[in-house]
J.: 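Let me begin by handing over the structure; questions about it come next.
Every value quoted in this text rests on a predicted model; they were computed, and no experiment measured them. In this chain, numbering begins with 1 at the start of the sequence shown.
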Amino acid sequence: MGNELDKELERLEITKLNEKAENAVAVAVAATATTGAIPIPFADAPLLITEQVALMATICGIYGIDVKKDGLKMLATTAIGAGGAAIVGKTLATNLLKLIPGAGTVAGGAISAGTAGVVTLAMGKAFIEVCKMVKLGKLNVEDLNSSVGASVMKEKFREQIKKNKKS
């Protein structure tokens with residue numbers, strides 16, 4: 001009986017942590033969409049990575065997981081790389097649009113804002129899945145700074161990108 005109670009308490013704790021993490025993702029999506037709308041070509045990229053790493057650090061804090069900033073940066077860039085040519089191509093195209101004064105700047109900013117939001121949403125949700133795995137003992141904290149963590153993050157990010165395309 002005690003084992004069932006422990007499992008139920010663990011499930012409730014994870015549900016509570018998930019809700020906090022989902023709220024953090026929602027705030028970060030809004031922030032990165034705003035950053036993506038910056039009309040200056042290519043000025044948003046370093047800011048977006050910084051905001052996404054900050055989101056991952058926040059999620060780590062929520063789940064009580066200690067991961068170094070360099071590890072989070074590696075996971076973030078790995079995830080973006082896993083998005084493949086579609087994300088890189090869209091980012092490049094929108095930044096080139098921003099070079100066109102007037103309408104190009106506005107259109108490029110709007111598309112860039114949407115792309116930044118979608119990528120951040122997928123990254124945040126993927127990282128929540130990774131942190132849940134750590135919390136449930138399916139993945140070690142040390143794995144997050146290795147190729148094992150990078151591989152899991154890539155897989156979870158791709159799953160989230162596919163989910164976002166469907167909805």
Side-chain angles (χ1 to χ4, degrees), residues 1-38 44-84 86-88 90-91 112-167:
M1 184 75 174
N3 195 20
E4 286 180 35
L5 182 61
D6 288 344
K7 284 185 179 180
E8 182 61 20
L9 287 173
E10 182 180 59
R11 190 186 65 72
L12 288 172
E13 178 193 8
I14 289 188
T15 299
K16 190 171 128 186
L17 296 174
N18 293 347
E19 288 172 4
K20 284 183 178 179
E22 292 281 346
N23 287 337
V25 170
V27 170
V29 166
T32 56
T34 301
T35 301
I38 292 173
D44 56 353
L47 297 171
L48 290 171
I49 290 288
T50 301
E51 289 173 326
Q52 290 161 343
V53 169
L55 168 62
M56 293 169 74
T58 300
I59 293 170
C60 281
I62 290 167
Y63 285 92
I65 298 170
D66 186 24
V67 180
K68 302 282 181 260
K69 187 179 177 186
D70 287 345
L72 295 176
K73 201 174 199 175
M74 180 267 300
L75 289 171
T77 53
T78 297
I80 291 168
I87 290 173
V88 173
K90 189 177 270 190
T91 302
S112 184
T115 302
V118 166
V119 169
T120 302
L121 178 65
M123 186 177 298
K125 288 187 173 271
F127 196 62
I128 288 171
E129 291 301 314
V130 170
C131 288
K132 278 197 288 193
M133 290 175 73
V134 170
K135 201 74 177 160
L136 294 170
K138 296 177 180 177
L139 192 65
N140 293 322
V141 175
E142 297 79 31
D143 290 339
L144 296 181
N145 291 319
S146 73
S147 60
V148 173
S151 177
V152 172
M153 184 65 184
K154 265 193 224 180
E155 176 190 328
K156 297 297 179 188
F157 183 77
R158 283 186 183 128
E159 287 172 12
Q160 291 300 324
I161 289 290
K162 282 181 188 171
K163 281 182 186 177
N164 289 342
K165 282 183 181 176
K166 289 178 185 174
S167 43

J.: Do Leu136 and Ile14 come close enough that some side-chain heavy atom pair is under 4.5 Å?
T.: yes

J.: With side chains defined as the heavy atoms from C-beta onward, is the minimum distance between Val130 and Ile59 less than 4.5 Å?
T.: no

J.: Evaluate the side-chain proximity of Met123 to Met56: yes if any heavy-atom separation is below 4.5 Å, no if none is.
T.: yes

J.: Between CD of Gln52 and OG1 of Thr50, what distance do you get to the nearest 0.5 Å?
T.: 9.0 Å

J.: With heavy-atom distances below 4.5 Å as the criterion, would you say the side chains of Thr120 and Glu51 are in contact?
T.: no

J.: Is the shortest side-chain heavy-atom distance between Val27 and Thr58 below 4.5 Å?
T.: no

J.: In the structure I gave you, are the side-chain heavy atoms of Phe127 and Leu72 within less than 4.5 Å of one another anywhere?
T.: yes

J.: Taking atom NZ of Lys132 as the centre, does the number of heavy atoms from other residues, nucleotides or ligands within less than 6.0 Å exceed 12?
T.: yes

J.: Can you tell me how far CD of Gln160 sits from CG of Leu121, rounded to the nearest 0.5 angstrom?
T.: 7.0 Å

J.: Return the CE to CE distance between Met133 and Met153, rounded to the nearest 0.5 Å.
T.: 12.0 Å

J.: OG/Ser151 to NZ/Lys156 distance, rounded to the nearest 0.5 angstrom?
T.: 10.5 Å

J.: State, yes or no, whether a side-chain contact exists between Glu13 and Lys135 at a heavy-atom distance under 4.5 Å.
T.: yes

J.: Would Leu144 and Ile65 satisfy side chain to side chain contact (heavy atoms under 4.5 Å, CB included), going step by step from the backbone distance to the final call?
T.: CA-CA 10 Å; Leu144 296 181; Ile65 298 170; 4.1 Å; yes

J.: So do Val148 and Leu139 actually touch side chain to side chain, heavy atoms under 4.5 Å?
T.: yes

J.: Could you state the interatomic distance from NZ (Lys125) to CD1 (Ile161), rounded to the nearest 0.5 Å?
T.: 12.5 Å

J.: How long is the gap from CD1 on Ile62 to CG on Asn18, to the nearest 0.5 Å?
T.: 9.5 Å

